[in-house]
A.B. asks: 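Have a look at this one.
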Amino acid sequence: MSDTALVVGGTRFVGRHAVEELLAHDYHVTLFNRGESENPFADRTGVDAVHGDRADREALEGARDAVEPDIVIDTCAYHPGEVETATAVFADVEAYVYVSSGSAYDAPDVPLREGETALHDCTPEQATNDSPESYGPRKAEGDRVVARGAEDGVNAMAVRPMLVYGPHDYTERFAYWTDRVAEYDEVVVPFDGDSLLHRSYVEDVASALRIVAERGEAGEAYNVADRNTFSLSRSLELAADALDTDVEIVQTGPSDLDSAGVDATDFPLYSPAPALASTEKLAALGWESTDPAEAVARTARAHREEGRDGVENGPDREEEERIIEAVREE
């Protein structure tokens, strides 16, 4: 008989890939969500669905009782109160895994390390609002809820992905760059293009969730990110290779960007300082990441097939052309 998994979420991005990962490892999977997003698994054998609001404790309890899951993967807990409810409702499952974030860290350590790098504090006001500014504090407090649950005997763990990219990414942050590579011969990057913002390929996040559920230690958090990080410029080179095209990467200076009224931080995936996370702890459980060339290739091709262009995530082409002209005039 297959192990059973309940995935809270499961239809959009990280959750969708988590379901595929679990199916590939012989789990019977049930999705728990409100049923408002299209279910890509509607016709798949081995996948059921239970609809309800994850903020409704009785709905969570109903799903638990109907499914009797061995493991629970919680991909859409955005408030610590939701994590607290989930760790209580699923106190007796074999494993509860909360999807946290690298944004939970509140220090510029390179690399960010579990148990060493400080996490954000979270005020009561931050814990209940939905502002982007409170996202990191809310995720950090969710991690602390997991740790407290473990102290009470719950086999609860957290996974902290750095910025996630891959097929079905509705944020389209990486799609901005794959569109530029596919559509134009010259692509502007902020400064020298060597920005290092550690990222996590979504299929690797999915495998991490399963591995932590099967082998992780209660109360612990595990970073997830590409084991071999690479710069923004290298991302564009890999995308160009995958899409069988050539691209000239146009490096810029502050005055070039100023000529178009553009700030470096307007570009998606740009980080003014290296943001890197240690993945040793997760690797010690037997986890491995996908080769960067393969991860970027799958992502770039999927974005093109899905019609994702991410144009709203960065400078428009007219601004880029003004920047390119400024570079040429130097």
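Worth saying up front: this structure is predicted, and the values here are computed from it rather than measured. All heavy atoms count here, side chains included; hydrogens, waters and symmetry mates do not. In this chain, numbering begins with 1 at the start of the sequence shown.
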A.B. asks: State whether a side-chain donor-acceptor pair under 3.5 Å links Asp169 with His303.
C.D. replies: no
A.B. asks: For Asp92, does the CG atom have more than 12 heavy-atom neighbours from other residues, nucleotides or ligands under 6.0 Å away?
C.D. replies: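 Open: at most 12 neighbouring heavy atoms sit under 6.0 Å from CG of Asp92.
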A.B. asks: Decide side-chain contact (heavy atoms from CB on, under 4.5 Å) for His168 and His17; before the verdict, give the C-alpha distance in whole Å, the side-chain angles of both, and the deciding distance to 0.1 Å.
C.D. replies: CA-CA 9 Å; His168 310 303; His17 286 273; 3.6 Å; yes
A.B. asks: Of the non-hydrogen atoms in Val189 and Ser233, which two are nearest, and what is the gap between them?
C.D. replies: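 Minimum heavy-atom separation between Val189 and Ser233: CG2-OG, 4.3 Å.
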A.B. asks: Take atom CZ in Arg34; do more than 12 heavy atoms of anything else shown fall under 6.0 Å from it?
C.D. replies: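 Incorrect, the count does not exceed 12.
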A.B. asks: Would Thr290 and Asp204 count as having a side-chain donor-acceptor pair, cut-off 3.5 Å?
C.D. replies: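 Note: Thr290 and Asp204 side chains meet the donor-acceptor criterion.
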A.B. asks: Are Leu269 and Val296 linked, directly or through intermediate hydrophobic residues, by side-chain heavy-atom contacts shorter than 4.5 Å (ILVMFWY only)?
C.D. replies: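 Yes.
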A.B. asks: When you compare the side chains of Ser278 and Arg113, does any donor N or O come within less than 3.5 Å of an acceptor on the partner?
C.D. replies: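 Yes, Arg113 and Ser278 have a side-chain donor paired with an acceptor closer than 3.5 Å.
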A.B. asks: Output yes when Arg328 and Glu186 qualify as a salt bridge under the 4.0 Å nitrogen-oxygen rule, no when they do not.
C.D. replies: yes
A.B. asks: Is Arg64 reaching over with its side chain to a backbone N or O of Val89, donor-acceptor style, under 3.5 angstrom?
C.D. replies: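 Such a contact is found between Arg64 side chain and Val89 backbone.
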A.B. asks: Starting from the C-alpha separation in whole Å, work towards a yes-or-no answer on side-chain contact (heavy atoms from CB on, under 4.5 Å) for Val212 and Leu282.
C.D. replies: CA-CA 8 Å; Val212 168; Leu282 181 60; 3.8 Å; yes
A.B. asks: Salt-bridged, Arg304 to Glu183, with N to O below 4.0 Å?
C.D. replies: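 So Arg304 pairs with Glu183 through a salt bridge.
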A.B. asks: Distance check, rounded to the nearest 0.5 Å: Asp192 atom CG versus Leu232 atom CG?
C.D. replies: 10.0 Å
A.B. asks: Looking at every heavy atom in both Ala326 and Ser259, which two are closest together, and how far apart are they?
C.D. replies: CB-OG, 3.5 Å
A.B. asks: Can you confirm whether the side chains of Thr279 and Asn223 place a donor and an acceptor under 3.5 Å from each other?
C.D. replies: no
A.B. asks: What is the distance from atom CD of Glu61 to atom CG of Asp56, rounded to the nearest 0.5 Å?
C.D. replies: 9.0 Å
A.B. asks: Roughly how far apart are Leu31 CG and Arg16 CZ, rounded to 0.5 Å?
C.D. replies: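 Output value for this atom pair is 11.0 Å.
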A.B. asks: In terms of hydrophobic clustering (I, L, V, M, F, W, Y; side-chain heavy atoms under 4.5 Å; direct or indirect links), are Ile211 and Val146 co-clustered?
C.D. replies: no
A.B. asks: Group every Ile, Leu, Val, Met, Phe, Trp and Tyr by side-chain heavy-atom contacts under 4.5 Å, then state whether Tyr270 and Val250 land in the same group.
C.D. replies: yes
A.B. asks: Is the backbone N or O of Asp70 less than 3.5 Å from a side-chain atom of Thr4, with the two atoms forming a donor-acceptor pair by type?
C.D. replies: yes
A.B. asks: Starting from Val202, can I reach Leu22 by hopping between I/L/V/M/F/W/Y residues whose side chains sit under 4.5 Å apart?
C.D. replies: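 Yes, Leu22 connects to Val202 through the hydrophobic network.
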A.B. asks: Is the side chain of Asp266 donor-acceptor paired with the backbone N or O of Asp263 at a distance under 3.5 Å, no angle test?
C.D. replies: yes
A.B. asks: Can you tell me if CG on Asp246 sees more than 12 non-hydrogen neighbours from other groups inside 6.0 Å?
C.D. replies: no
A.B. asks: Is Arg322 salt-bridged to Glu325, cutoff N-O under 4.0 Å?
C.D. replies: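 So Arg322 does not pair with Glu325 through a salt bridge.
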A.B. asks: If we only count heavy atoms from C-beta on, is the Val99 to Pro161 side-chain gap below 4.5 Å?
C.D. replies: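 Sidechains of Pro161 and Val99: in contact.
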A.B. asks: Say whether, by atom type as modelled, one donor and one acceptor occur between the side chain of Thr245 and the main chain of Asp241 under 3.5 angstrom.
C.D. replies: no
A.B. asks: Apply side-chain hydrogen bond (donor to acceptor under 3.5 Å, both in side chains) to His79 and Asn129, showing your working.
C.D. replies: CA-CA 8 Å; His79 298 88; Asn129 72 43; over 6 Å; no
A.B. asks: Check this for me: does any side-chain nitrogen of one of Arg308 and Asp179 sit under 4.0 Å from a carboxylate oxygen of the other?
C.D. replies: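 Looking at Asp179 together with Arg308, the answer is no, because their closest N to O distance does not fall below 4.0 Å.
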A.B. asks: Return yes if a side-chain donor-acceptor contact under 3.5 Å exists between Tyr165 and Asp226, otherwise no.
C.D. replies: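 Yes, a side-chain donor-acceptor pair sits under 3.5 Å.
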A.B. asks: Between Lys281 and Ala221 (side chain of the first, backbone of the second, donor and acceptor by atom type, cut-off under 3.5 Å), is there such a pair?
C.D. replies: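 At least one qualifying donor-acceptor pair exists.
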A.B. asks: Between Leu112 and Thr117, what is the shortest heavy-atom contact and its length?
C.D. replies: CA-OG1, 3.5 Å
A.B. asks: Step by step, would you call Leu285 with Tyr222 a side-chain contact (heavy atoms from CB on, under 4.5 Å)?
C.D. replies: CA-CA 10 Å; Leu285 299 182; Tyr222 298 84; 3.6 Å; yes
A.B. asks: So, for Phe191 and Ala264, which heavy atoms are closest and what is the spacing to 0.1 Å?
C.D. replies: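 Between these two residues, the closest heavy atoms are CE1-CB, 3.6 Å.
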A.B. asks: Is a side-chain donor-acceptor pair under 3.5 Å present for Ser207 with Trp287?
C.D. replies: yes
A.B. asks: Is Glu203 salt-bridged to Arg298, cutoff N-O under 4.0 Å?
C.D. replies: yes
A.B. asks: Using side-chain heavy atoms (C-beta onward) and a distance below 4.5 Å, is Val145 in contact with Tyr98?
C.D. replies: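 With C-beta onward as the side chain, the pair stays apart.
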A.B. asks: How long is the span from the OG atom in Ser134 to the CD atom in Glu141, to the nearest 0.5 Å?
C.D. replies: 12.0 Å
A.B. asks: Calculate, to the nearest 0.5 Å, the distance between atoms CD and OG1 belonging to Glu172 and Thr178 respectively.
C.D. replies: 8.5 Å
A.B. asks: Indicate yes or no for a side-chain donor-acceptor contact from Asp65 to the backbone of Gly62 under 3.5 Å, with no hydrogens or angles considered.
C.D. replies: no
A.B. asks: In terms of heavy-atom contacts, does CD of Glu68 have more than 12 from other residues, nucleotides or ligands at under 6.0 Å?
C.D. replies: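 Counting neighbours around CD of Glu68, 12 or fewer heavy atoms of other residues, nucleotides or ligands fall under 6.0 Å, so no.
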A.B. asks: Give the minimum heavy-atom separation between Ser289 and Ala225, together with the two atoms involved.
C.D. replies: CB-O, 4.4 Å
A.B. asks: Given the rule in the side-chain contact (heavy atoms from CB on, under 4.5 Å) test, do Ile73 and Leu6 qualify, once you have shown the distances and angles that lead to the verdict?
C.D. replies: CA-CA 6 Å; Ile73 307 294; Leu6 181 68; over 6 Å; no
A.B. asks: Under the 3.5 angstrom rule, does the side chain of Arg44 hit a backbone N or O of Glu20 as a donor-acceptor pair?
C.D. replies: no
A.B. asks: Is Arg148 paired with Glu151 through a side-chain N to carboxylate O contact shorter than 4.0 Å?
C.D. replies: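 Salt bridge: no.
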A.B. asks: Could you verify whether a donor N or O on one side chain and an acceptor N or O on the other, from Asp3 and His25, lie under 3.5 Å apart?
C.D. replies: no
A.B. asks: Please name the pair of heavy atoms, one in Thr11 and one in Glu38, separated by the smallest distance, quoted to 0.1 Å.
C.D. replies: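 What the structure gives for the nearest pair is CB-O, 3.6 Å.
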A.B. asks: Say whether, by atom type as modelled, one donor and one acceptor occur between the side chain of Thr123 and the main chain of Gln126 under 3.5 angstrom.
C.D. replies: yes
A.B. asks: Look only at the side chain of Asp185 and the backbone of Val247, and say whether a donor-acceptor pair between them is shorter than 3.5 Å.
C.D. replies: no
A.B. asks: Are Arg12 and Tyr170 in a cation-pi setup, meaning NZ or CZ lies under 6.0 angstrom from the ring centre and within 45 degrees of the ring axis?
C.D. replies: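 Judged by the rule, Arg12 and Tyr170 form a cation-pi pair.
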A.B. asks: Rounded to the nearest 0.5 Å, what separation is found between the CG atom of Leu163 and the OG atom of Ser200?
C.D. replies: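 Reported value, rounded in 0.5 Å steps: 7.5 Å.
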A.B. asks: When hydrophobic residues are tied together by side-chain contacts of less than 4.5 Å, even through go-betweens, does Val97 share a cluster with Ile71?
C.D. replies: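 They do share one cluster, since a chain of ILVMFWY contacts under 4.5 Å joins Val97 to Ile71.
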A.B. asks: Is it the case that over 12 heavy atoms from other parts of the model lie below 6.0 angstrom from the CD atom of Glu312?
C.D. replies: yes
A.B. asks: Quick one: is the NZ or CZ of Arg210 closer than 6.0 Å to the six-membered ring centre of Tyr27, and within 45° of its axis?
C.D. replies: no
A.B. asks: Against the six-membered ring of Phe32, is Arg54 placed for a cation-pi contact (under 6.0 Å from the centre, within 45° of the normal)?
C.D. replies: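 The answer is no; the distance or angle limit is not met.
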A.B. asks: Mind checking whether Phe90 and Tyr96 have parallel, tilted or perpendicular rings, split at 30° and 60°?
C.D. replies: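 Parallel: the ring planes of Phe90 and Tyr96 meet at under 30°.
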A.B. asks: Indicate yes or no: does Arg301 engage Glu305 in a salt bridge with an N to O separation below 4.0 Å.
C.D. replies: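 No, this pair does not count.
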A.B. asks: Parallel, tilted or perpendicular: which fits the ring planes of Tyr176 and Phe267, with parallel below 30° and perpendicular above 60°?
C.D. replies: perpendicular
A.B. asks: Within the distance-only criterion (no hydrogens, no angle test), does the side chain of Lys139 pair as donor or acceptor with the backbone N or O of Tyr105 below 3.5 angstrom?
C.D. replies: no
A.B. asks: Quick one: do Glu320 and Arg317 make a salt bridge, cutoff under 4.0 Å?
C.D. replies: yes
